[in-house]
Amino acid sequence: MTVESTAARKPRRSSGTKRAAGAASARKTAAATAQPHDAEPQLVQLLTPEGERVEVEGNPDIAEFAPFVADITTEDLRALYRDMVLTRRFDGEATALQRQGELGLWASLLGQEAAQIGSGRALRDDDYVFPTYREHGVAWCRGVDPTNLLGMFRGVNHGGWDPNTNNFHLYTIVIGSQTLHATGYAMGVAKDGADSAVIAYFGDGASSQGDVMEAFNFSAVYNSPVVFFCQNNQWAISEPTERQMRVPLYQRAQGFGFPGIRVDGNDVLACLAVTRWALDRARRGEGPVLIEAFTYRMGAHTTSDDPTKYRRDEETAAWEAKDPILRLKAHLLASGGADEAFFEELEAESEAMGKRVREVVRAMPDPDTMAIFENVYADGHALVDEERAQFAAYLASFEEGH
């Protein structure tokens, strides 16, 4: 679609009225840009916070996306619920392990389970994922053993899994850089003629990084089959979204020439539908999409953060009422899709997984201290050899009692 410039569409004004018109335009623009945070735009929602299915008929906001979950059965809903519950249990166990000194740091996904499970289950096996450091639910969907996520945070490895085995890249600590990696990978996918797609995850704070803007531009220019999935959890550590941007995040895509969509990030069905739609579009060669999953970080940014210092309890309580797991549980109970026996069995499975995670983490062997010098250069290097010898002598001095 070609967008005609304002100058081409409007007649010229005389110089005497230009300044007044410019001032009026500036006031109008300021009012428009200030509005979005006062009156939030509509978002795609298929399951209300009370657990009720949204009627598609007469609702144009969801009509395009609802067909992408028309095949979801009651068994599928139970599976999505199980995914979210087990992901939250694992996440809670990892937080407890960090508090007990078993991990150096942990970034919790508490409250973001629907965004991650919904989008993660939308992927095909041949799609490729570029995560940040918080996509524990997506890793679960890609078949990565939860305990493999913890090695890096315990300091015993650099990731713990082979990215090509699950088409799930290693966690990325550098904020926003994975969007460029995803764009480049997607450009390669297109050149290879494959019909798979790529998805890149990042947060609302990362969306202001220059890397992300460059990724948007490159993906648009090269029509790359990549979906940018932003989990807007309202807080970039201690900075709220209204301090980060003047327009709703998903609207940033318009400036680069591709669609942006806001979805209820606490609605697993809506996240599944919108992500399926975006991936399908990408595979057909129609280019990138930006999805803004409007959700909330219920806990701390990481275990080194204290959110009580910068946000109100009332805000957290309001979002707890929209809990993605309770929402789907309410729907399953009301529709007869699950009974108490299902939830009790899942609770037992959850506890067993927590126990396994604790045992595996505490049994992780310490890494070889000298391994830090390996693979620095492909063919070796004299300076590295010298440093290795010096460090070995330093370690040996402790064994000799010096």
Side-chain angles (χ1 to χ4, degrees), residues 37 40 43 45 49 83-99 103 105-120 131-141 146 149 153 171-173 175-176 178-179 200-209 212 228-245 248-250 262-268 270-271 290-328:
H37 289 293
E40 294 292 354
L43 75 171
Q45 184 183 85
D83 287 338
M84 290 195 291
V85 168
L86 294 182
T87 297
R88 179 173 290 188
R89 182 65 179 86
F90 160 72
D91 180 67
E93 194 62 42
T95 299
L97 285 166
Q98 193 282 330
R99 297 305 189 199
L103 303 178
L105 186 73
W106 184 247
S108 173
L109 60 56
L110 184 62
Q112 299 176 219
E113 294 87 358
Q116 295 194 17
I117 297 301
S119 61
T132 66
Y133 46 78
R134 200 188 300 274
E135 272 67 59
H136 321 314
V138 185
W140 171 268
C141 293
L149 301 178
F153 294 95
Y171 273 8
T172 306
I173 305 299
I175 305 300
Q178 72 278 4
T179 57
Y201 290 87
F202 57 99
D204 49 288
S207 72
S208 296
Q209 288 288 110
V212 177
F228 296 105
F229 195 93
C230 178
Q231 294 172 83
N232 178 2
N233 63 20
Q234 312 300 313
W235 292 92
I237 307 183
S238 59
E239 286 297 299
T241 50
E242 61 265 23
R243 294 279 297 273
Q244 301 176 57
M245 59 204 73
L249 198 151
Y250 75 97
R262 174 178 279 190
V263 62
D264 185 343
N266 286 17
D267 177 355
V268 69
C271 289
L290 170 61
I291 298 174
E292 176 193 358
F294 199 71
T295 182
Y296 192 75
R297 166 169 55 83
M298 290 188 190
H301 174 71
T302 68
T303 46
S304 64
D305 171 45
D306 181 5
T308 63
K309 300 293 185 182
Y310 54 80
R311 68 185 188 191
R312 303 185 311 274
D313 291 342
E314 296 83 4
E315 176 184 297
T316 306
W319 277 94
E320 286 176 348
K322 304 174 185 178
D323 186 302
I325 294 179
L326 295 181
R327 180 182 306 204
L328 185 53

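T302 pairs by the side chain to side chain donor-acceptor pair (under 3.5 Å) definition with S304, not counting sequence neighbours. Residues meeting the side chain to side chain donor-acceptor pair (under 3.5 Å) test with Q244, sequence neighbours left out: D204. Listed by chain and residue number, nothing satisfies the side chain to side chain donor-acceptor pair (under 3.5 Å) test with T87 (two or more places apart in sequence, or in another chain).
For the pair R262 and Y250, the cation-pi criterion (under 6.0 Å, within 45° of the ring axis) is not fulfilled.
With Q116 contributing its side chain and A114 its backbone, the two residues share no donor-acceptor pair below 3.5 Å. Between the side chain of D91 and the main chain of L109, a donor-acceptor pair closer than 3.5 Å is present. Here the side chain of N266 pairs a donor or acceptor atom with the backbone of K322 at under 3.5 angstrom.
Note that OG1 of T95 and CG of L110 are 8.0 Å apart. Values are rounded to the nearest 0.5 Å. In this structure, CZ on F228 lies 12.5 Å from CG on L249, to the nearest 0.5 angstrom. The structure places CG of L328 at 11.5 Å from CD1 of I117, a figure rounded to the nearest 0.5 Å. The structure places OH of Y171 at 10.0 Å from CZ of R134, a figure rounded to the nearest 0.5 Å. In this structure, CG on L290 lies 11.0 Å from OG1 on T179, to the nearest 0.5 angstrom. Summarising the geometry, atom CE belonging to M84 is positioned 9.5 Å from atom CG belonging to L326; distances are rounded to the nearest 0.5 Å.
Between the side chains of T295 and N233, not a single donor N or O lies within less than 3.5 Å of an accepting N or O. There is a side-chain donor-acceptor pair under 3.5 Å between E315 and Y296. Neither side chain, Q45 nor D267, offers a donor N or O lying under 3.5 Å from an acceptor on the other.
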Quiz prompt | Candidate pair D264 and R327, rule side-chain contact (heavy atoms from CB on, under 4.5 Å), full reasoning | solution = CA-CA 12 Å; D264 185 343; R327 180 182 306 204; 2.8 Å; yes
Exercise. Does the pair F202 and Q209 meet the rule for a side-chain contact (heavy atoms from CB on, under 4.5 Å), with working shown?
Worked result: CA-CA 10 Å; F202 57 99; Q209 288 288 110; over 6 Å; no
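Taking the six-membered ring where the residue is Trp, Y133 and H301 present perpendicular rings, their angle passing 60° and hence far from 30°. The aromatic rings of H136 and F153 lie perpendicular to each other, with more than 60° between the two planes, well past the 30° mark.
When the shell of 6.0 Å around CG of D306 is examined, it contains more than 12 heavy atoms from other residues, nucleotides or ligands.
The minimum heavy-atom distance linking P324 with E113 is given by the pair CG-OE1, 3.7 Å. Summarising the geometry of F229 relative to A115, their closest heavy-atom pair is CZ-O, 3.5 Å, with the distance given to 0.1 Å. The minimum heavy-atom distance between G265 and C271, with the atom names listed, is CA-SG, 3.8 Å. Shortest non-hydrogen contact noted between A300 and P307 is CB-CD, 3.7 Å. Of all the heavy atoms in D323 and I325, the pair that sits closest is OD1-N, 2.7 Å.
When each of R88, E135, Q231 is tested with Q112 by the rule side-chain hydrogen bond (donor to acceptor under 3.5 Å, both in side chains), just one qualifies, namely Q231. Considering T172, V138, I291 in turn, V138 is the only one that fulfils the side chain to side chain contact (heavy atoms under 4.5 Å, CB included) rule with Y201.
Aromatic rings of F90 and W106 (six-membered ring for Trp) have centroids within the 6.0 Å cut-off, being under it.
Two residues are said to be in side-chain contact when any heavy atoms from C-beta on lie closer than 4.5 Å; R297 and D305 meet this criterion. Looking at heavy atoms from C-beta onward, L43 lies out of side-chain contact with E292 at the 4.5 angstrom threshold.
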